[in-house]
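Letters go in sequence order (proteins before strands), and every chain restarts at 1. Only a predicted model underlies this, so the values are computations on that prediction, with no experimental measurement involved.
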Amino acid sequence: MHDLELFDGVYESPVGWLGLRLQGGKLGELDWIERPRKALRKRHPHPAVRQLIQCLDSYFTTASSIIIPPLAPAGTAFQQRVWRALLRIPCGSVKTYGQLAAELKTGSRAIGQACRRNPIAILIPCHRVVAARDMGGYMGNTGHLHIKRWLLEHEDVC
DNA sequence: CGAGCATCCTCAG
DNA sequence: CTGAGGATGCTCG
């Protein structure tokens, strides 16, 4: 949560206010912010921001209707590999850290670490990764699980 | 290197 | 059922 920095756009979602940051015309960062500030809003938002807001609107209306926009998340080669794998998890289903680890020939904790580092919440669906027995964590700790639960229920996950 | 992780599995009580 | 403990791969200082 960086509420002191500037965002290219803000979005009010059912799970809280989100801040968007662009990276070369693509979405580089999507993260929760404490509260919207006037200073964060520009008079003439980048056209890409308008598209992104439509994406989010469609997701929060009907989760399965979303079309993932161009993304530019910053991270290590390994993280990029994990995030690409997350994008292949279809809306409405989940995978465990262990399953992804087996697919990518790595360890489950490494998967969790890469999920925690996901700079583009919701659109890179790290919330679709759950633990073998319980739901796993979200946003670093286990104190934001209600958001993960909300997203999964919104996507009609049993 | 060593410590820290959004894990997983097994084994003892 | 619960908790402890080892194995595990990646990242950051």
Side-chain angles (χ1 to χ4, degrees), chain A residues 1-24 26-36 40 52 55-56 58-158:
Chain A
M1 300 226 189
H2 357 56
D3 55 335
L4 297 179
E5 306 167 48
L6 265 111
F7 291 90
D8 293 304
V10 294
Y11 183 85
E12 182 180 20
S13 86
V15 288
W17 284 89
L18 306 170
L20 332 189
R21 228 192 300 274
L22 296 179
Q23 194 76 48
K26 303 179 180 179
L27 180 60
E29 220 173 302
L30 173 54
D31 203 1
W32 275 268
I33 55 182
E34 284 297 341
R35 62 185 57 184
L40 296 178
L52 290 167
C55 274
L56 292 167
S58 80
Y59 173 80
F60 284 109
T61 303
T62 306
S64 58
S65 71
I66 191 179
I67 296 172
I68 299 298
L71 307 177
T76 66
F78 173 77
Q79 288 162 351
Q80 305 275 354
R81 223 155 64 86
V82 173
W83 300 335
R84 254 193 299 282
L86 299 192
L87 287 166
R88 285 188 227 112
I89 305 177
C91 180
S93 66
V94 296
K95 278 185 181 176
T96 67
Y97 299 98
Q99 284 173 25
L100 282 167
E103 289 177 17
L104 300 192
K105 306 272 201 287
T106 179
S108 42
R109 299 199 78 187
I111 297 290
Q113 189 179 197
C115 288
R116 179 169 51 88
R117 291 273 228 276
N118 172 22
I120 304 182
I122 302 172
L123 296 189
I124 295 180
C126 58
H127 57 276
R128 293 182 194 146
V129 187
V130 299
R133 317 203 80 96
D134 52 53
M135 233 181 17
Y138 198 61
M139 292 173 73
N141 54 53
T142 184
H144 300 268
L145 276 184
H146 58 287
I147 297 181
K148 189 170 185 175
R149 185 164 22 244
W150 191 98
L151 293 171
L152 289 177
E153 284 178 5
H154 184 239
E155 298 178 0
D156 291 321
V157 176
C158 315

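Between the CZ atom of R109(A) and the C1' atom of dA3(B) there is a distance of 11 Å, given to the nearest Å. The separation between D134(A) atom CG and dC9(B) atom P is 12 Å, rounded to whole Å. For F78(A) and dG9(C), the CZ to C1' distance is 7 Å, given to the nearest whole Å. Taking atom CG of L104(A) as the reference point, atom P of dT8(C) lies 18 Å away to the nearest angstrom. R81(A) has its CZ atom 11 Å from the C1' atom of dG9(C), to the nearest Å. Remark: P of dT8(C) and CG of L100(A) are 20 Å apart, rounded to the nearest angstrom. Whole-Å rounding puts the Y138(A) OH to dC5(B) C1' distance at 18 Å. Atoms NZ (K95(A)) and P (dC8(B)) sit 14 Å apart, rounded to a whole Å.
Phosphate proximity of dC12(C) to R117(A): present, with a side-chain N or O under 4.0 Å from OP1 or OP2. Close to dC10(C), at under 4.0 Å from its OP1 or OP2, lies a side-chain N or O of T106(A). Contact between the side-chain N/O atoms of S108(A) and the OP1/OP2 oxygens of dC8(B) is not found at any separation under 4.0 Å.
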* To do: Mind running side-chain hydrogen bond (donor to acceptor under 3.5 Å, both in side chains) on Y97(A) and Q113(A) for me, showing each step along the way?
  => CA-CA 10 Å; Y97(A) 299 98; Q113(A) 189 179 197; over 6 Å; no
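By the 30° and 60° cut-offs, the orientation of the rings of Y11(A) relative to F60(A) is parallel.
Here Y97(A) lies in heavy-atom contact (under 4.0 Å) with a base. Within 4.0 Å (heavy atoms only), G137(A) reaches at least one base atom of the nucleic acid. Across all strands shown, G140(A) has heavy atoms under 4.0 Å from base atoms, whether or not it also approaches the sugar-phosphate. Residue contacts shown for T76(A) are limited to sugar-phosphate atoms, with no base heavy atom under 4.0 Å away.
Of all heavy-atom pairs spanning I120(A) and A72(A), the tightest one is CD1-N, 4.4 Å.
With ring centers used as reference points, H154(A) lies under 6.0 Å from W150(A).
Where Q113(A) and Q99(A) each meet DNA chain B at their nearest nucleotide, the meeting point lying more 5' is that of Q113(A).
Distance check, rounded to the nearest 0.5 Å: CG of L52(A) to CG of L123(A) gives 7.5 Å.
Base pairing annotation: dC9(B) forms a Watson-Crick or G-U wobble pair with dG5(C), both donor-acceptor distances under 3.5 Å.
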